[in-house]
There are 2 protein chains.
Amino acid sequence: MAEGAQILIVDDEPQIRRFLRISLEANGYRIHEAATGHDAILKSAQLRPDLIILDMGLPDLDGLEVLRHLREWTKTPVIILSVRDSDQDKVDALDAGADDYLTKPFSTDELMARIRTAQRHAQPQQDEIIFTSGRLKVDLSRRVVTVDGEPIKLTRTEYALLRLLIQHAGRVLTHQQILREVWGPEYVHETHYLRVYFAQLRQKIEENPALPEIIITEPGVGYRLVRL
Amino acid sequence: MAEGAQILIVDDEPQIRRFLRISLEANGYRIHEAATGHDAILKSAQLRPDLIILDMGLPDLDGLEVLRHLREWTKTPVIILSVRDSDQDKVDALDAGADDYLTKPFSTDELMARIRTAQRHAQPQQDEIIFTSGRLKVDLSRRVVTVDGEPIKLTRTEYALLRLLIQHAGRVLTHQQILREVWGPEYVHETHYLRVYFAQLRQKIEENPALPEIIITEPGVGYRLVRL
DNA sequence: CATTTTTTTGATATTTTTTTGATATATCCC
DNA sequence: GGGATATATCAAAAAAATATCAAAAAAATG
């Protein structure tokens, strides 16, 4: 991975993409390009690059949107490029899961060094884009859920809940953990929400919601998604 | 580590140390200070901080020297602070193993965000803690109990009881200790609970509950979980 | 701005767990 | 061995936790 690592460049300006491509290829990297946010997400899932260089100003989606989308299913290092130098922008990007934030203009040497640093931090790729458990299939990169091959519609909250369970598949998540992650820290005592939403999810996912096989209740503790 | 992480501040100027200390403590970090390179290396080894903030300009050793020294034996995240903004300085520091490089003056908010990012990178794979005794296996991090590979369902109280025994495996726990830990101080005389719950646990865990091999009764004293 | 969808709230049924009680079995001490 | 004490087991009643249904409120959609 050190030699010839694959990098996805996301920027809407062709001349910047060209400049970056040349610089990076000179350093032995293999380059892919995306000009829009949607294309960036698509190519990330298809190509599984080792690192992503993401410009904040994109025509269709906000760079932050793209980053949040990516972080729903992958930990691939992301280096943000931006013309904006405000604290808030940096803080938002870094807290959304960016690995580094460079303000334009930047030097090629610094970018190269920060790429090397980001690569050191890279955790062994083990993100599965498609999760399967019984008749349930979830494509995390496209946010598509199918049951026995049939597409299922989930509301925003239902999906957030399911995604959380998938990210911790096989492990028991406590009521507090779930409420904090999905609804926010101030909701940790609203256990009633769990009853309602788990019932709804099971209604859509389980063969027989009264005898759940995918989402298991651990009374007095929380819920658990069974692997495989 | 998330809450109250320990940070070592390395800077020769007392007013900067003071400023950083106040900012960081306000964010819940526990602070240590070093004024020289030698002191930094010494304190890093002694205190094992979770993160190091290292100023490049030190009276005795170059910041780079300190960093190289540290990287010989530890991967603790290091964030470099420097007045120098040249590419070469940044490249040298990052390639020597620094996790980030900030040029003075910098904003507190940005530093905090970059500290959080560095801490994310530090996270060593949360090692799974698995206890084994005969055919019993308890994954404490996932709260999953298996007997001969088969998952077993334990109620909240049964699990609390088992976990307590595991935490003191091999040693006898008195009735009072168990009741106080699992049910609370006001239950120390409800020894009947122990009979019922140990019977239930053995029913689920032991090959032959009448001849227990994992959970041993020490009559008149308490119970004991056998190691391995 | 009206319509549709989603979230929140409330009431009630069902399930699971905990507690309690009755009785059997084992252990200890003389 | 025998009486006393401690432990184990079984099954019920009571309590707590969970599931379900449906209406009201809020938010999103076009």
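What you see is a predicted model, and the numbers here were worked out from it, not measured in a lab. Convention: sequence-line order gives letters A, B, ...; per-chain numbering from 1. All values below were derived from every heavy atom in this structure, side-chain atoms included, with hydrogens, water molecules and symmetry-related copies excluded.
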So, [X] and [Y], do they make that salt bridge, N to O below 4.0 Å?
| X | Y | value |
| --- | --- | --- |
| A:Asp99 | A:Arg114 | no |
| B:Lys90 | B:Asp85 | yes |
| A:Glu25 | A:Arg30 | no |

[X] [atom1] to [N] [atom2]: how many Å, rounded?
| X | N | atom1 | atom2 | result |
| --- | --- | --- | --- | --- |
| A:Arg202 | D:dT20 | CZ | C1' | 12 Å |
| A:Leu161 | C:dT6 | CG | P | 15 Å |
| A:Ile215 | D:dA19 | CD1 | C1' | 13 Å |
| A:Leu211 | D:dA19 | CG | C1' | 12 Å |
| B:Leu179 | C:dT18 | CG | C1' | 14 Å |
| A:Tyr223 | C:dT16 | OH | P | 13 Å |
| A:Leu201 | D:dA19 | CG | P | 12 Å |
| B:Gln203 | D:dC10 | CD | P | 6 Å |

Report task. Go through residues 163-176 of chain B and report each residue with a non-hydrogen atom lying under 4.0 Å from DNA chain D, sorted by number. Result -> B:His175
Report task. Output the residues of residues 191-200 of chain B in contact with DNA chain D, where contact means a heavy atom of the residue under 4.0 Å from an atom of the strand; sort by number or write none. Result -> B:His192, B:Arg195, B:Val196, B:Ala199
Given [options], the nucleotide with the shortest approach to the side chain of [X]:
| X | options | value |
| --- | --- | --- |
| A:Pro219 | D:dA17, C:dC28, D:dC10 | D:dA17 |
| A:Thr217 | D:dT18, C:dT19, C:dT20 | D:dT18 |
| A:Trp183 | C:dT18, C:dT8, D:dT20 | C:dT8 |

Requested in this report: Please check if the side chain of B:Gln177 supplies one atom and the backbone of B:Thr174 the other of a donor-acceptor pair under 3.5 Å.
Outcome: yes
**Report entry** Main-chain N/O of B:Glu206 paired with B:Arg135 side-chain donor or acceptor, under 3.5 Å
**Finding:** yes
Under a plain distance cut-off of 3.5 Å, with no hydrogens placed, do [Y] and [X] share a side-chain donor-acceptor pair?
| X | Y | value |
| --- | --- | --- |
| A:Thr217 | A:Arg202 | yes |
| B:Thr76 | B:Thr74 | yes |
| A:Asp139 | A:Ser141 | yes |

Report task. Give none if D:dT29 has no partner; otherwise give the nucleotide forming a Watson-Crick or G-U wobble pair with it, both distances under 3.5 Å. Result -> C:dA2
Query raised in the report: Considering every strand shown, what is the Watson-Crick or G-U wobble mate of C:dG10 when both distances are under 3.5 Å?
Result: D:dC21
Query raised in the report: At under 4.0 Å, does any side-chain N or O of A:Thr157 touch on OP1 or OP2 of C:dT6?
Result: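 It does not, given that no N or O in the side chain of A:Thr157 lies less than 4.0 Å from OP1 or OP2 of C:dT6.
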Query raised in the report: Quick one: is B:Arg156 getting a side-chain N or O under 4.0 Å of the D:dA17 phosphate, OP1 or OP2?
Result: yes
Requested in this report: Going by the side-chain hydrogen bond (donor to acceptor under 3.5 Å, both in side chains) test, name the single residue among A:Lys43, A:Gln6, A:Arg21 that passes it with A:His32.
Outcome: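 Of the listed residues A:Lys43, A:Gln6, A:Arg21, the side-chain hydrogen bond (donor to acceptor under 3.5 Å, both in side chains) partner of A:His32 is A:Gln6.
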Query raised in the report: Taking everything shown except B:Lys137 itself, do over 12 heavy atoms lie less than 6.0 Å from its NZ?
Result: no
